[in-house]
Protein chains: 2
Amino acid sequence: MNQGEHVTAKTTARLDDWRSFAPLDLHPILAAALDRFREHGYHGTTVRDVAGRAGVSLPMIYYRFENKQGLLVALLEDAMSEVLQRARLADAEAEGRVLERFSNVVECIVLHMTHRTATAGLDSELRYLEPANRKKYAALRKELEELLLEIVEEGVAQGLFEVDRAPDTSRALLGMCQAVTGWYHSDGPLTPEEIADRYVAISLRTVGARVRPAPRTHGH
Amino acid sequence: MNQGEHVTAKTTARLDDWRSFAPLDLHPILAAALDRFREHGYHGTTVRDVAGRAGVSLPMIYYRFENKQGLLVALLEDAMSEVLQRARLADAEAEGRVLERFSNVVECIVLHMTHRTATAGLDSELRYLEPANRKKYAALRKELEELLLEIVEEGVAQGLFEVDRAPDTSRALLGMCQAVTGWYHSDGPLTPEEIADRYVAISLRTVGARVRPAPRTHGH
DNA sequence: CCTACCGATCGGTAGG
DNA sequence: CCTACCGATCGGTAGG
């Protein structure tokens, strides 16, 4: 069962600032797989394509990874682990102030969708994961959903937010953020930071936030 | 170049009530293709799979449709045409009352995402369309986006809605609705109508609608 | 509207 | 007996 040293995830570097995004430091094979999956989808990509683009032999892929599925698993889990880690930092930084917790987490998620569009956009390929792999990924995503839900519920409890149903609302918000990967391009008119700010404002309305925080400006 | 009588779209029946959804009356080949595309994706589906499930020979597929791409094109354009047609009816029914126009259109879009989850969920396969086909589909979708945007802008103009940027907000709303196809199941706890109602409420907050008399605590 | 096929390529693995 | 690979090819299947 256990063979060699397959690269699974753990490509993510240590994070100290949840707002800063260094270029993804992926194994060349994963970088190639990501590129092809984004362009042709999981099933539209051949392992030979990946090998060719990575400049390695096809057997090399199977030496480093269990199989084609292993490539998708590594990319998906890497991305989800990273955004989850960032979201927890963003949350913690607010030191319990609900409005700021909410704003930080939404900002962080949208920054992830823009700075990490390629990996974040792989979310739609999740259905091609084998059941065991999907379960692991779903568990990670559920943690993110529950973090946001908990914040929304706390906001309601404190009378700062007004929503009819917190679970529906937080799920809707997450879907709204995820959809950014469908249209964002790094050469578009808006920076990731601008988009994140706008989505924070939109999200605050969605939860019926009573107090509007002073607009944040991004200096240089 | 031109051969036979290819089924393109036009499977949609005439609509008189935008809230009622009859079962999709798809050509058996398209129904089979839809089933396989949903389960394995476009590239994960073989034309032989489709033939087998439809109970026809593989060449029969190519007799009725131009190629594999033609199956996806027909399904995608059919679905988008239908929701667009419904949205226009939903809009017209409000006879210019902005709050109702907005509520109707959002309700209608969410009803589409739930009653038509299979076809609506094919949206993520749009990137596999050849450029010419994608352009046609994108044009249809843009009409829906612009309908919603126009309503949001009118609401702002009339002082009924409060948003920072109408284009961002309406795009975010559409993404929020589209995401419903990712989790909705007909055997879940909520009916399409219940989900639509909840999304209307959420969306009204998102546009800052003065849906009920604002609590007059102090001046604003 | 079927049988019979094609050029090429699929994901994955052999021996060395 | 391990690692990092190679050229060649496996049994089957792809869209047409």
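Each chain gets a letter, A, B and so on, in the order its sequence line appears, and its residues count up from 1. What you see is a predicted model, and the numbers here were worked out from it, not measured in a lab.
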> Give, for atom CD1 of Ile109(A) and atom CG of Leu173(A), the distance between the pair rounded to the nearest 0.5 Å.
9.0 Å
> Find out whether the Lys NZ or Arg CZ of Arg134(B) is both under 6.0 angstrom from the six-membered ring centre of Tyr128(B) and within 45° of the ring's axis.
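Checked: cation-pi criterion not met.
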> Is there a donor-acceptor contact under 3.5 Å linking the side chains of Thr206(A) and Thr206(B)?
yes
> Rounded to whole Å, please give me the gap between CG in Leu72(B) and P in dG15(D).
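Checked: the CG to P distance equals 13 Å.
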> Between dT9(C) and dG11(D), how far apart are the C1' atoms? Round to whole Å, please.
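Rounded to whole Å, the distance is 13 Å.
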> Does dA4(D) have OP1 or OP2 under 4.0 Å away from a side-chain N or O of Tyr63(A)?
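Indeed, a polar side-chain atom of Tyr63(A) lies that close.
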> Quick check: on DNA chain D, is the nucleotide nearest Val56(A) upstream (toward 5') of the one nearest Arg48(A), or the reverse? Name the residue that is more 5'.
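Here Val56(A) is the residue nearer the 5' end.
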> Find the distance Tyr42(A):OH to dC10(C):C1' and express it as a whole number of Å.
13 Å
> Which atom pair, heavy atoms only, marks the closest approach of Arg127(B) to Ser124(A)?
NH2-OG, 4.1 Å
> I need the NE2-P distance between His43(A) and dG11(C), as an integer number of Å.
9 Å
> I'd like to check Glu82(A) versus Leu24(A) (side-chain heavy atoms, cut-off strictly below 4.5 Å). Are they in contact?
yes
> Quick one: Arg64(A) CZ to dG11(C) P, roughly how many Å, whole number?
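In whole Å, dG11(C) P lies 21 Å from Arg64(A) CZ.
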> Check DNA chain D for consecutive Watson-Crick or G-U pairs with both distances under 3.5 Å and list the runs of at least three as stems.
none
> Flag this pair as yes if the NZ/CZ of Arg86(B) is under 6.0 angstrom from the six-membered ring centre of Phe21(B) and inside a 45 degree cone about the axis; otherwise no.
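Yes, Arg86(B) sits over the ring of Phe21(B).
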> Which whole-number value in Å describes the distance from Asn67(B) CG to dG16(D) P?
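It works out to 5 Å between those atoms.
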> Determine the interatomic distance between P on dA8(C) and the same-named atom on dG12(D); round to the nearest Å.
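These two P atoms come out 23 Å apart once rounded.
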> Which nucleotide in the list dC10(C), dC6(D), dG12(C) gets nearest to the side chain of Pro59(A)?
dC6(D)
> How many whole angstroms separate atom CG of Leu71(A) from atom C1' of dC10(C)?
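Spelled out: CG on Leu71(A) to C1' on dC10(C) is 15 Å.
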> How many Å lie between CE on Met60(A) and C1' on dG11(C), as a whole number?
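Interatomic distance, CE of Met60(A) to C1' of dG11(C): 18 Å.
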> Ile61(A) near the nucleic acid: base, sugar-phosphate alone, or nothing, with a heavy-atom cut-off under 4.0 Å?
nothing
> Check this one for me: any side-chain N or O of Ser57(B) less than 4.0 Å away from OP1 or OP2 of dC1(C)?
no
> Does a side-chain N or O from Tyr62(B) land closer than 4.0 Å to OP1 or OP2 of dG16(D), or not?
yes
> Kindly compute the distance separating CD (Glu153(A)) from OG1 (Thr169(A)), expressed to the nearest 0.5 Å.
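So the gap between those two atoms works out to 10.5 Å.
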> Leu58(A) has an atom CG; how far is it from atom C1' of dT9(C), in whole Å?
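After rounding, the gap between these two atoms is 12 Å.
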